[in-house]
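Here the structure comes first, spelled out in structure tokens, and everything after it is commentary.
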Amino acid sequence: MAKTSSQTDGAGQEKEKSKAVSNDWTIQADDEDEERNIFFSPTQGNVVFASAYDGWGFTLNHFADMFSKKLGIKKEVLQKTLWGDFYLNSKTKRIMKGAQSKVKKPLFVQFILENIWAVYESVSVNRDAEMTEKIVKSLGLKISPRDMRHNDPRMKLQAIMGQWLSVSRAVLDVVVEKLPSPLEISEDRVEKLMCSQSQNFLSFPKATQELKDAFISCSTSDNSPVILFVSKMFPVERKMLPQFKQRPLSEAEIQQRRQQARQRHLEKMSGPTDVVNEKTKDEEVTTSQGSTVTSNGTASAVNGGGAPSVEANGIAMEIKATKKEAEEEAPTVFVAFARIYSGTVKKGQKLYVLGPKHDPSQVEEGAVRVGQSVDDLGTHDHITAFTVSDLFLFMGRELEHMDDIPAGNILGIGGLEDHILKSGTVSSTVMCPAFTDFYLDASPIVRVALEPKHAGDMVHLVRGLKLLNQADPCVQVLVQETGEHVIITAGEVHLQRCLDDLRERYAKIGLHASSPIVPFRETIINPPKVDMVNEAVQDQPIKTARAKEFEDDEEVIETGLVEMYTTNQKCCIRIRAVSLPDAVTDLLEQNVNLLKTLHGLNRAKVYGQNSKVKDTGVKDKGVKDTVLEALSHFKSSLSKAFTEEGKTWTDVIDNIWAFGPKRVGPNVLLNRVEGYDRPSVWDIQGSEGLLRDFDSNIVSGFQLATIAGPLCEEPLRGVCFVIEKWEYLDMSYAKLARISESESDPKLTDLLSSSVEKNLIIEEVDEKCNDSDKEEDSCEEVKDVIKPQRKREYGPFSGQIISCVIAGCRKAFQTQPQRLMVAMYKCNIQANSDVLGKLYGVLGKRNGSILEGDMTEGSQTFNVVATLPVVESFGFAENIRKKTSGLASPQLVFSHWQVLDVDPFWVPTTEEEYLHFGEKADSDNKARQYVNAVRKRKGLKVDEKIVEHAEKQRTLTRNK
């Protein structure tokens with residue numbers, strides 16, 4: 001039956017609609033990619049699908065090129081549609097969207113996976129020779145008859161897939177097409193490489209700024225400066241270097257060896273009397289008569305069993321020294337992995353290694369000394385010189401020896417192990433600045449103390465740790481104050497790898513490793529509203545046993561507020577400890593680099609303004625506008641976070657005295673001293689403001705107090721200390737005031753009344769008396785007061801203030817509810833429903849918390865996301881594999897710090913707690929266990945009883 005016109009029009013409209021969908025999908029996909037910020041996608045050609053086991057790999061470009069010729073579809077269209085929810089409509093011969101909704105095979109399955117599966121099925125599963133030959137013929141491959149007749153199907157599969165989908169070709173194509181050319185480097189990237197975040201590029205000397213053109217042009221001429229950056233030092237066995245590997249002989253060398261073999265054969269056939277070994281023609285020959293014949297014909301007698309002559313002894317000593325040098329040669333050498341940005345590196349060329357603190361501006365001033373090694377450098381020297389001995393080009397796993405390598409290449413340089421530890425900048429000119437620091441995403445957190453099994457092997461351990469520190473960019477090696485050698489690693493697997501490398505490769509000795517040392521943090525919280533049995537606290541906050549110790553302390557005014565006096569009772573400081581809001585603490589931790597920049601700018605401001613301070617090399621450098629904008633945005637974000645927490649934290653941002661510990665930590669020192677308007681920490685432009693003489697001592701005491709807390713000497717986190725009072729109680733100031741009142745000079749009286757700092761009064765009064773020509777009794781009396789005051793000004797009084805601040809911060813901290821913070825891992829685990837219960841059991845025993853446990857769509861696998869304390873994570877992976885029979889494998893990544901919501905000094909106080917926990921309350925207190933373990937490790941006092949609630953043993957036998 002014929003279609004009506006309306007039906008025809010409807011069908012046409014539907015066809016046009018489907019055609020529009022097929023043509024417009026690329027725009028929609030591009031918009032989605034931009035919104036999601038997808039950097040790696042198969043449609044962009046930067047993803048390689050590969051099988052390392054069978055040795056094949058491909059990109060979508062390979063199949064797009066293949067099927068574009070067969071189907072007559074544009075390669076660009078196939079490149080966009082081979083990955084995604086697209087299918088081929090066989091009737092219209094068009095690529096349509098919505099394969100999943102219409103139950104169609106996606107193009108990736110139809111064109112790619114089914115073809116790969118067909119090869120596997122014919123070769124490995126069915127072992128169909130005829131089908132295999134058809135596939136080889138259809139693909140146009142040339143497989144040798146030997147490989148086709150091979151009995152092992154895997155060898156045959158590797159031969160076919162290796163030619164069809166060569167993984168080396170796929171990777172090389174992606175590298176060539178996607179990695180940017182060295183000539184495409186932008187000016188912004190050059191400036192970021194050459195100067196740090198806080199430094200302005202225009203502040204460099206003119207000769208340094210001219211190097212920017214060398215970066216951009218990437219010139220290889222001899223006149224261009226050589227600039228390269230070493231990103232890592234990797235170990236290579238000495239026998240694997242090209243100069244120590246066997247190389248194929250040339251035709252001339254083969255002919256020469258053939259003639260030498262013929263000559264030795266003729267000499268052997270001529271008779272034993274005239275035998276002279278050709279190998280020893282240029283060496284000593286000992287005859288049967290006991291004489292030593294040298295190469296020049298001289299002979300020296302050897303007394304049977306006696307000492308040899310001088311010549312023989314010299315040769316023997318030389319051979320012995322050569323053997324000793326060969327034994328001392330390390331089996332492992334380090335090759336610097338570097339990229340050259342400008343010039344051409346040549347063998348025998350002299351280059352400079354620039355340290356991270358190298359400043360090109362000091363070169364113009366002539367204050368730079370070049371050393372031959374790191375050991376020759378002084379405190380302010382940061383440049384060493386070396387001669388390029390070996391140049392290597394990386395060819396897969398092999399190293400090819402080269403005489404020169406131009407700019408734009410990745411190269412290896414030998415002989416830099418004594419000049420560079422992990423990374424560094426190398427240049428032919430000392431006017432080149434050191435590149436910015438190398439960023440590592442994984443921060444080391446697990447530390448272990450090491451010692452050799454035999455004390456005599458300590459030298460080998462130190463040498464091995466040095467090699468390990470140079471070879472692994474993520475590990476940290478240090479020597480603690482106690483003399484322990486400690487390595488800090490990223491996790492348990494990384495730790496085990498480092499220990500194996502030390503035992504088998506670098507130190508080659510037996511090692512004893514301590515239990516893993518995990519960092520903790522100490523903090524205070526707001527008074528809890530419920531007790532340990534979740535009963536609401538109604539009358540007053542809970543007082544712990546530690547807080548009750550300070551009830552009768554005269555220095556404790558109230559909870560969290562203490563008033564301390566220095567040892568000589570001349571200064572009074574009142575300190576309050578409060579808990580920082582979580583948002584503020586997180587914001588401080590996320591902007592550590594900005595805090596470092598802020599501290600550096602403040603130091604430059606102080607050294608530039610204070611003429612009494614000696615020059616320390618810190619100069620006022622230009623500051624980037626972007627850095628100022630970032631600091632301004634950070635300040636506004638911090639102010640907003642404070643304001644959102646309530647009225648208590650309003651107008652706090654401009655009263656911040658310092659951050660700590662190490663001036664960049666998540667703790668804050670606030671200035672609430674009445675009458676002391678010190679410059680803000682955000683003031684980096686050097687506005688006017690007076691600092692008290694002992695201002696830095698207050699900050700030093702705060703830094704020392706926050707780096708070691710009272711619980712177990714671990715750093716503090718999320719604590720705010722407020723200085724509410726800072727007064728001097730020295731009577732000599734009152735004496736000066738009386739002198740000024742008796743003076744007839746009104747200028748002196750005005751000067752004393754207008755000063756805001758009593759130490760400043762002393763300086764100004766002294767200057768006033770020195771400027772006057774007449775000797776008056778009042779001035780002499782002033783000087784008598786000033787002399788002892790000056791002795792105390794920079795004497796032990798500064799140390800007393802530091803000690804007073806430390807003791808005040810610790811005591812104010814202890815009067816608040818104290819808590820321990822543990823480092824937490826984020827744990828991702830894939831497991832099926834059969835082992836899900838065992839998985840949850842293992843996590844529960846190790847104090848883990850389940851965050852998510854959703855099933856992956858289209859499979860029977862659950863994706864479990866949990867948090868796990870780092871201190872409980874050792875042996876977790878092995879334990880979970882045993883419990884689940886290898887069906888679950890965790891991935892651990894450091895996530896955050898979490899408060900352990902248990903008071904380390906808790907004892908039952910309410911009736912409900914006595915009923916629940918008993919009078920002894922001897923159940924496990926995890927916080928107390930962690931605190932005691934850390935204190936024992938550090939050699940601190942531990943308040944625990946060996947025998948508690950002991951009872952007399954009952955006699956079993958009756959008395960007769």
Side-chain angles (χ1 to χ4, degrees), residues 444-447 449 476 478-484 486 488 514 516-525 546-547 549-550 555 560 562 564 573 575-580 585 588-589 592 595 599 657-670 696-723 798-823 870-871 897 899-900 903-905 927-943:
I445 193 173
V446 179
R447 61 177 61 196
Q476 293 182 8
L478 53 92
V479 180
Q480 291 185 336
E481 296 177 356
T482 57
E484 293 178 304
V486 174
I488 311 176
S514 68
I517 305 171
V518 179
F520 292 91
R521 294 291 183 268
E522 301 178 22
T523 189
I524 55 177
I525 62 173
R546 180 57 60 96
E549 296 179 3
F550 300 103
E555 295 176 341
V562 297
M564 306 295 294
I573 301 176
I575 304 174
R576 182 185 297 274
V578 293
S579 176
L580 269 180
T585 305
L588 292 176
E589 283 192 334
V592 173
L595 292 178
H599 172 57
W657 200 329
F659 301 97
K662 299 181 180 179
R663 302 183 183 271
V664 293
N667 304 286
V668 175
L669 179 67
L670 289 183
S696 60
N697 300 124
I698 300 288
V699 177
S700 298
F702 166 72
Q703 301 295 337
L704 294 174
T706 53
I707 203 170
L711 282 178
C712 51
E713 301 294 332
E714 290 291 313
L716 303 186
R717 182 182 183 274
V719 183
C720 176
F721 293 103
V722 184
I723 306 296
S798 59
Q800 292 179 29
I801 290 182
I802 294 176
S803 301
C804 179
V805 173
I806 294 174
C809 291
R810 292 173 72 94
K811 186 168 289 188
F813 182 92
Q814 289 175 304
T815 58
Q816 293 275 33
Q818 307 172 68
R819 293 294 184 269
L820 197 68
M821 302 190 75
V822 294
V870 176
V871 69
W897 294 93
V899 176
L900 195 61
D903 187 357
F905 307 102
R928 188 61 178 266
Q929 290 178 5
Y930 293 153
V931 168
N932 289 342
V934 176
R935 295 185 69 90
K936 285 180 181 178
R937 175 172 55 82
K938 294 184 176 182
L940 304 174
K941 180 182 177 181
V942 179
D943 187 13

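From a predicted model like this one, the values you see are computed outputs, not experimental measurements. Both backbone and side-chain heavy atoms feed into the values below; hydrogens, waters and symmetry mates do not. One-based numbering along the sequence shown.
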Keeping the roles fixed (side chain from [X], backbone from [Y]), state whether a donor-acceptor pair exists under 3.5 Å.
X      : Y      : value
Gln703 : Phe659 : yes
Arg521 : Pro715 : no
Asn667 : Gly718 : yes
Thr815 : Ala812 : yes
Arg935 : Leu711 : yes

Any ion pair linking Glu522 and Arg810 (charged N to carboxylate O, less than 4.0 Å)?
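No.
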Lys938 atom NZ, over 12 foreign heavy atoms within 6.0 Å
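Above 12, so yes.
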How long is the straight-line distance from [atom2] of [Y] back to [atom1] of [X], given to the nearest 0.5 Å?
X      : Y      : atom1 : atom2 : result
Thr706 : Ile806 : OG1   : CD1   : 9.5 Å
Glu589 : Leu595 : CD    : CG    : 10.5 Å
Cys804 : Ile575 : SG    : CD1   : 6.0 Å
Thr523 : Arg819 : OG1   : CZ    : 10.0 Å

If you look at every heavy atom in [X] and [Y], which pair is closest and at what distance?
X      : Y      : result
Ala807 : Met564 : CB-CE, 3.8 Å
Ala708 : Glu713 : CB-OE1, 3.1 Å
Val931 : Cys712 : O-CB, 4.1 Å
Ile802 : Ser700 : CD1-CB, 4.1 Å
Ile723 : Leu669 : CG1-CD1, 3.7 Å
Pro666 : Thr585 : CB-CG2, 3.9 Å

[Y] side chain reached by [X] side chain, heavy atoms, under 4.5 Å:
X      : Y      : result
Ile488 : Leu478 : yes
Phe520 : Val822 : yes
Cys720 : Leu670 : yes
Gln476 : Arg447 : no
Val805 : Ile573 : yes
Asp903 : Pro817 : no

Kindly determine whether Val719 and Cys809 satisfy side-chain contact (heavy atoms from CB on, under 4.5 Å), including the steps that lead there.
CA-CA 10 Å; Val719 183; Cys809 291; over 6 Å; no
Would Ile707 and Lys662 count as a side-chain contact (heavy atoms from CB on, under 4.5 Å) if you check the C-alpha gap in whole Å, the side-chain angles of each, and the deciding distance to 0.1 Å?
CA-CA 8 Å; Ile707 203 170; Lys662 299 181 180 179; 4.1 Å; yes
Residue from Ile698, Leu716, Val578 passing side-chain contact (heavy atoms from CB on, under 4.5 Å) with Phe721
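With Phe721 as partner, side-chain contact (heavy atoms from CB on, under 4.5 Å) holds for just one option, Leu716.
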